[in-house]
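Please read the structure below before turning to the comments.
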Amino acid sequence: PATYYTQKKTWDLPPGFEGKFNSRFSRKIELECMSCHNAYPQMVAGSENKFDFIANGIDCERCHGPGSLHVFEKSLGKIVDTAKYIDYTIVNPAKLPINLQLDVCQRCHIQGNAVLKAGKSFLDFRPGMHLSDVMNVFMPVYSGAENEHIMASHVERMKMSACFRISAQEADKLKQGDQALYPYRNAMTCVTCHNPHVSVKETGVESFNQKCRNCHTGKNQTHPVCTAPVARRMKSGDNCVSCHMPRGGSIDIPHVITTDHFIRIPVTPKEKSGIREFIRLACINNNEVDKTTRGEAFLSFYEKFTANSAFLDSAGKYLAHDSEENIVRNIHLLIRWAYLREDYTALLDFVSQYPGIMDSLYTVSSDNRDAWTAYRIATAFQKTGDLATSLLYFSKAVKLAPYILDFRDSYASLLMDAGNYTEAEKQLLFVLKEYSRDASAFVSYGYLLLLRDRNIHAADSMYNIALALDPDYRQALINKCGTLVLSGRRAEAGKMLKELEKKFPGDPEVNKMTRAFNR
């Protein structure tokens with residue numbers, strides 16, 4: 001995973017890998033990523049990142065909706081005069097109400113913490129729908145950070161602009177004639193300035209400036225209204241965009257200069273230097289979200305962006321769990337909440353108040369919700385020492401999501417603890433067949449060979465493969481050190497122990513191994 005940043009003509013790590021956020025190159029490209037950065041793929045059920053088919057780039061249907069009916073009717077000669085009428089076999093975003101038109105763009109050009117509606121997937125949105133019918137997108141709101149923007153927040157920033165607000169209000173007053181066919185022709189939308197079929201690089205600066213002059217003209221309708229000194233305007237080429245939509249780096253993508261779509265009077269350096277303080281999570285595409293959705297947003301924000309326990313505290317306040325009825329209603333989210341808090345006692349208490357929970361977990365879905373719930377319950381039983389019940393839930397998780405390989409790896413480890421080496425090997429071989437670079441599976445397989453066959457050499461080979469894939473993998477290093485001791489190579493083991501103590505200072509397992517080695 002390497003990215004060539006064309007603006008600065010430099011190679012570097014991709015977004016999200018910078019700043020030591022990803023120690024190795026094993027980040028999964030899941031459906032949420034793929035559903036914006038490409039045409040819709042065909043995903044394998046019960047997986048996170050396994051696809052039967054991946055298209056080559058964005059296609060027409062992303063903005064115009066499914067095209068089969070349109071092609072069929074046109075092939076039959078059913079032609080609609082689109083200058084007078086709407087052709088309902090295909091979506092023309094320009095003829096949609098402004099909120100639906102913006103939602104077509106916002107499906108991908110909005111960045112934040114997306115929380116899917118119940119039963120929905122990232123493949124369910126179609127042009128002409130409300131985005132909020134499929135997902136609610138949350139963003140953290142900070143005081144003093146009004147002038148920061150992220151790479152894909154263009155629509156949200158544009159909607160903050162007076163240009164957008166005033167033009168939309170004026171367009172609302174016009175409901176007759178041509179305006180009825182194109183209800184927001186005179187309002188500012190994304191396509192006011194951007195032709196979606198033409199690259200920004202090919203459009204040219206003057207084209208964008210002319211869009212500004214179409215509205216911002218003086219009394220004689222020839223000179224734009226601008227209070228800046230003529231010398232400053234000439235220095236920038238009389239470029240409206242350079243002053244009122246300044247370009248700068250985004251806070252989430254390195255080596256990229258992007259245009260801030262919040263159109264306003266230029267801010268001063270003093271205004272930019274506010275104190276950044278978290279205020280709330282705000283839903284930016286839906287003003288009416290319920291408490292449960294807000295609770296889920298805090299869980300998702302904790303998992304995806306900032307592992308701050310305060311977000312888990314906030315989630316707990318929004319997720320009702322004061323009665324058995326509420327626990328059953330919110331069971332998936334409550335188990336997720338307790339799991340993230342590592343409060344396995346509370347998690348199992350929720351399970352005990354839903355006697356039929358095992359039978360309720362049967363749905364195979366794109367978000368693998370039931371499978372994840374089974375996995376989290378299995379982990380809680382394992383942590384509290386109930387291996388038999390834990391195995392039942394691990395088996396359920398693997399059945400519902402057979403291609404989430406982490407589930408099988410954890411299941412295999414528990415099977416080894418239970419002495420079922422045959423089934424454990426079956427699970428690990430499945431993992432390695434699907435993904436031959438899974439360092440964790442090699443470590444587990446090496447441990448199995450050591451436990452079952454007492455084969456130190458074979459186990460050591462598995463650990464070597466894991467360390468070739470990930471030289472800093474803690475468990476592989478610990479296990480490798482163990483095989484060195486077992487094979488009588490104490491000098492090498494002692495050297496490796498010192499490296500482990502440096503890499504993982506205070507680690508309980510490393511300290512335990514050191515004490516045993518020195519006895």
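Starting from 1, each residue takes its place in the sequence as its number.
Within 6.0 Å of atom CD1 in Ile29, 12 or fewer heavy atoms from other residues, nucleotides or ligands are found, so the atom counts as exposed in its surroundings. Atom CG of Leu69 has more than 12 neighbouring heavy atoms from other residues, nucleotides or ligands inside a 6.0 Å radius. Enclosure of atom OH in Tyr435 by more than 12 non-hydrogen atoms of other residues, nucleotides or ligands within 6.0 angstrom is indicated. Within 6.0 Å of the CZ atom in Phe51, the count of heavy atoms belonging to other residues, nucleotides or ligands exceeds 12. Counting non-hydrogen atoms of other residues, nucleotides and ligands closer than 6.0 Å to OH of Tyr85 gives a total of 12 or fewer. Residue-environment remark: NZ (Lys117) exceeds the threshold of 12 foreign heavy atoms within 6.0 Å. Around CD of Gln7, the count of heavy atoms belonging to other residues, nucleotides or ligands within 6.0 Å exceeds 12. In this structure, Asn56 places its CG atom where only 12 or fewer heavy-atom neighbours from other residues, nucleotides or ligands lie under 6.0 Å away.
When all heavy atoms are compared, the tightest approach of Ser300 to Ala114 is OG-O, 4.4 Å. Across Gly128 and Val104, no two heavy atoms sit closer than the pair N-CG2, 4.3 Å. Among all heavy-atom pairs drawn from Asn38 and Ala55, the shortest one is ND2-O, 2.7 Å. Nearest approach of Leu469 to Ser436, heavy atoms of both residues: CD1-O, 4.5 Å. Among all heavy-atom pairs drawn from Gly119 and Asp124, the shortest one is O-OD2, 4.1 Å. Between Ile58 and Cys36, the closest heavy-atom pair is CD1-O, 3.6 Å.
Within the structure, salt bridge (Lys or Arg N to Asp or Glu O under 4.0 Å) pairs that include any residue of residues 304-320 comprise Glu32-Lys304 (at least two apart or interchain).
Relative orientation of the His64 and His197 rings is parallel, given thresholds of 30° and 60° on the angle between their planes.
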*Given salt bridge (Lys or Arg N to Asp or Glu O under 4.0 Å), test Arg329 with Glu325 step by step and report yes or no.*
CA-CA 6 Å; Arg329 181 184 298 114; Glu325 180 183 358; 3.0 Å; yes
*Pair Asp470-Arg474, salt bridge (Lys or Arg N to Asp or Glu O under 4.0 Å): steps then yes or no*: CA-CA 9 Å; Asp470 185 350; Arg474 171 187 164 279; over 6 Å; no
*Derivation and outcome, side chain to side chain contact (heavy atoms under 4.5 Å, CB included), residues Asp238 and Asn209*: CA-CA 9 Å; Asp238 210 12; Asn209 287 327; over 6 Å; no
*For the pair Phe301 and Leu299, evaluate side chain to side chain contact (heavy atoms under 4.5 Å, CB included) and give the outcome as yes or no after the intermediate values.*
CA-CA 6 Å; Phe301 198 80; Leu299 293 179; over 6 Å; no
*Verify side-chain hydrogen bond (donor to acceptor under 3.5 Å, both in side chains) between Asp367 and Ser365, making sure each step is shown before the conclusion.*
CA-CA 5 Å; Asp367 63 357; Ser365 59; 2.6 Å; yes
*Does the side chain to side chain contact (heavy atoms under 4.5 Å, CB included) test come out yes or no for Tyr318 and Asn330, once each step is laid out?*
CA-CA 11 Å; Tyr318 283 110; Asn330 296 325; over 6 Å; no
*For side chain to side chain contact (heavy atoms under 4.5 Å, CB included), just list the numbers for Met43 and Glu30, CA-CA rounded to whole Å, side-chain angles, deciding distance to a tenth of an Å, and then say yes or no.*
CA-CA 10 Å; Met43 191 173 190; Glu30 300 181 9; 5.9 Å; no
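The main-chain N or O of Phe407 is never found under 3.5 Å from a side-chain atom of Ser410 such that the two would form a donor-acceptor pair. A donor-acceptor pair under 3.5 Å is formed between the side chain of Glu61 and the backbone N or O of Gly67. Judged by distance alone, with hydrogens and angles left aside, the side-chain atoms of Thr379 form a donor-acceptor pair with the main-chain N or O of Tyr375 at under 3.5 Å. Counting only distance, with no hydrogens or angles, the side chain of Thr192 and the backbone of Ala187 share a donor-acceptor pair below 3.5 Å. In this structure, the side chain of Thr3 does not engage the main chain of Tyr5 through any donor-acceptor pair within 3.5 Å. Judged purely by atom type and a 3.5 angstrom limit, Asn113 has no side-chain atom pairing as donor or acceptor with the backbone of Met139. No donor-acceptor distance shorter than 3.5 angstrom exists from the side chain of Thr292 to the backbone of Leu319, with no hydrogens or angles considered. A side-chain donor-acceptor contact under 3.5 Å links Arg264 to the backbone of Phe262. The backbone N or O of Ile263 sits less than 3.5 Å from a side-chain atom of Ser161, completing a donor-acceptor pair.
Within the 4.5 Å cutoff, the side chain of Val115 has no heavy atoms near those of the Met135 side chain. Side-chain contact check for His261 versus Met245: some heavy-atom pair is nearer than 4.5 Å. No side-chain heavy atom of Asn326 sits less than 4.5 Å from a side-chain heavy atom of His321. In this structure, Val137 and Cys283 have side chains that are not in contact, with every pair of non-hydrogen atoms separated by 4.5 Å or more. When side chains are defined from C-beta on, Leu123 counts as touching Leu31, because their heavy atoms get closer than 4.5 Å. With contacts defined as side-chain heavy-atom distances shorter than 4.5 Å, the pair Val205/Val241 does not qualify.
Under the 6.0 Å distance and 45° angle rule, Lys50 counts as a cation-pi partner of Tyr403.
Contact check on Asp87 versus Lys74 returns a salt bridge, with a Lys/Arg side-chain nitrogen under 4.0 Å from an Asp/Glu carboxylate oxygen. For Lys28 and Asp406, the salt-bridge test passes: some basic side-chain N is under 4.0 Å from an acidic carboxylate O. Salt-bridge check for Asp260 with Arg157: passed, with a basic side-chain N closer than 4.0 Å to an acidic carboxylate O.
The structure places CG of Asn136 at 10.5 Å from CG of Asn287, a figure rounded to the nearest 0.5 Å. The OG1 atom of Thr293 sits 6.0 Å away from the CZ atom of Phe138 when rounded to the nearest 0.5 Å. Distance check, rounded to the nearest 0.5 Å: CG of Leu100 to NE2 of His130 gives 4.5 Å. Here the CD1 atom belonging to Ile404 is positioned 6.0 Å from the CH2 atom belonging to Trp372, to the nearest 0.5 angstrom. With rounding to the nearest 0.5 Å, the separation of CD in Glu288 from CG in Asn286 is 6.5 Å. With rounding to the nearest 0.5 Å, the separation of CG in Asp103 from NE2 in His109 is 13.5 Å.
Not counting sequence neighbours, Arg62 has no partner by the salt bridge (Lys or Arg N to Asp or Glu O under 4.0 Å) test.
Arg107 and Ser35 are linked by a side-chain donor-acceptor pair at a separation below 3.5 angstrom, with hydrogens and angles left out of the test. Of the N and O atoms on the side chains of Glu73 and Thr89, not one donor lies less than 3.5 Å from an acceptor on the other residue.
Checking each of His216, Lys211, Met158 against Cys163 for a side chain to side chain contact (heavy atoms under 4.5 Å, CB included) leaves exactly one that passes, namely His216.
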Validation: residues 334-342 side-chain donor-acceptor distances under 3.5 Å, sequence neighbours left out:
unit_1, atom_1, unit_2, atom_2, d
Arg336, NE, Glu303, OE1, 3.0
Arg336, NH2, Glu303, OE1, 2.6
Trp337, NE1, Leu312, O, 2.9

